[in-house]
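Written out below as structure tokens is the structure these notes cover.
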Amino acid sequence: MTSVWTGERVRLRGVEPEDWQAFKEFDEHSVDKRSGDMLHPPRSDEGYRRWTLEEAARPPDGDSFRLAIVALRDEVMVGTLNTGDADPRAGHFSYGIVIGHRHQRSGYASEAISILLTFMFGERRYHKCEVGIHAFNEASIALHTKLGFVEEGRLRDHEYFAGRHHDLIMMGLTAEEFSERRAFPDVNHPRSDSGTVAP
């Protein structure tokens, strides 16, 4: 059986209670935490267990949800992806993605994002995806540029990390721009041409 949530490298699924150790591992790399969110005080193992149990039990809130990213080769959770700021009336949404430090540079983020965009554009009828990326996160800016996102603006001195303020780069991608680079799946075949990004 083929699922729209499965690509060549990764599968997106709901968060499970046993994922707490992966979330703990993701939080232990400070540079990655700053790139995607911000640093938080250390949490106990029990704190991770309770938080992950709550995430596993939480139903999607409309089109706002969190998914685990699992590598198909060994079924290991390699990251997490969550949608936010979903506005069905205006037709735009955003997302955040984290790939664990030891799993980076393997194509997981690119494919996970493509799977999500295929769903949000092709099934939920959103028109545009918008993301905010810290200006110092050059790898994420390069990834989104490769996926077809366009820089739309810069919020100066918008975020505070490591003793100073940093700019936030705003990037956007429309459904039409996405479909020019990746075909939507046929109604009789759940997956499109998995993960292919035009040069």
Side-chain angles (χ1 to χ4, degrees), residues 4-5 7 9-10 12 15 23 26-27 29 31-40 55 60-69 78-101 103-161 165-182 184 192 195-199:
V4 298
W5 299 106
R9 295 183 184 91
V10 301
L12 305 185
V15 172
F23 282 108
F26 301 158
D27 284 355
H29 197 277
V31 172
D32 290 350
K33 284 301 292 179
R34 282 197 188 107
S35 292
D37 182 23
M38 61 182 167
L39 296 183
H40 298 282
E55 284 295 305
D61 179 14
D63 288 322
S64 295
F65 50 84
R66 179 185 304 276
L67 298 172
I69 304 169
V78 297
T80 180
L81 178 69
N82 63 287
T83 60
D85 303 320
D87 184 339
R89 184 195 62 80
H92 56 77
F93 70 99
S94 65
Y95 67 83
I97 185 167
V98 171
I99 300 294
H101 190 72
H103 306 293
Q104 294 174 4
R105 310 292 186 271
S106 300
Y108 298 146
S110 176
E111 187 169 70
I113 292 167
S114 293
I115 291 169
L116 175 71
L117 294 176
T118 298
F119 174 75
M120 295 297 279
F121 288 147
E123 303 295 329
R124 308 303 284 172
R125 208 188 326 183
Y126 281 91
H127 171 68
K128 187 178 181 188
C129 179
E130 301 167 332
V131 293
I133 303 171
H134 303 131
F136 57 80
N137 191 348
E138 295 175 2
S140 185
I141 293 169
L143 168 65
H144 285 84
T145 299
K146 180 181 176 185
L147 290 171
F149 282 77
V150 175
E151 184 174 331
E152 298 184 335
R154 177 183 291 256
L155 302 178
R156 297 178 303 135
D157 290 349
H158 192 71
E159 300 288 344
Y160 187 79
F161 297 107
H165 286 89
H166 300 270
D167 295 354
L168 187 69
I169 306 295
M170 303 306 298
M171 301 187 78
L173 177 72
T174 67
E176 182 180 6
E177 291 165 340
F178 177 74
S179 67
E180 289 172 357
R181 302 168 70 88
R182 178 185 170 115
F184 287 109
S192 63
T196 303
V197 177

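- The backbone N or O of F161 sits less than 3.5 Å from a side-chain atom of H166, completing a donor-acceptor pair.
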Please output the side-chain donor-acceptor pairs of residues 125-133 that fall under 3.5 Å, not counting sequence neighbours, one pair per line with the distance.
unit_1: Y126; atom_1: OH; unit_2: D63; atom_2: OD2; d: 2.7
unit_1: K128; atom_1: NZ; unit_2: E152; atom_2: OE1; d: 3.1
unit_1: K128; atom_1: NZ; unit_2: E152; atom_2: OE2; d: 3.0

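- Annotation: side chain of R105 is not in contact with side chain of I99 (no heavy-atom distance under 4.5 Å).
- Interatomic distance, F26 CZ to H103 NE2, rounded to the nearest 0.5 Å: 5.5 Å.
- Here the CD1 atom belonging to I97 is positioned 7.5 Å from the CG atom belonging to L143, to the nearest 0.5 angstrom.
- With values rounded to the nearest 0.5 angstrom, N82 atom CG is found 8.5 Å from E55 atom CD.
- Looking only at side-chain heavy atoms (C-beta outward), T118 and V4 stay at 4.5 Å or farther from each other.
- The shortest distance between side-chain heavy atoms of I169 and E151 falls below 4.5 Å.
- I69 places a side-chain heavy atom less than 4.5 Å from the side chain of L12.
- Note on ring orientation: taking the six-membered ring where Trp is involved, the planes of W5 and F65 are perpendicular (angle over 60°, cut-offs 30° and 60°).
- Sorted by first and then second residue, the side chain to side chain donor-acceptor pair (under 3.5 Å) pairs with a member in residues 83-100 read D85-S94, Y95-H144; sequence neighbours excluded.
- For the residue pair S106 and R9, no side-chain donor N or O sits within less than 3.5 Å of a side-chain acceptor on the partner.
- Side-chain atoms of D167 and D157, non-hydrogen and from C-beta on, do get closer than 4.5 Å to each other.
- Here the shortest heavy-atom pairing between L147 and S110 reads CD2-OG, 3.6 Å.
- Here E180 contributes atom CD and E176 contributes atom CD; the two are 5.5 Å apart, rounded to the nearest 0.5 Å.
- Atom CZ of residue F136 and atom CG of residue L168 lie 9.5 Å apart, to the nearest 0.5 angstrom.
- Atom OG of residue S114 and atom CZ of residue R182 lie 5.0 Å apart, to the nearest 0.5 angstrom.
- Checking side-chain atoms of T80 against main-chain N and O of A68 turns up no donor-acceptor pair under 3.5 Å.
- L173 approaches F121 most closely through the heavy-atom pair O-CZ, 3.6 Å.
- In this structure, S64 and G84 approach most closely via the heavy-atom pair OG-CA, 4.1 Å.
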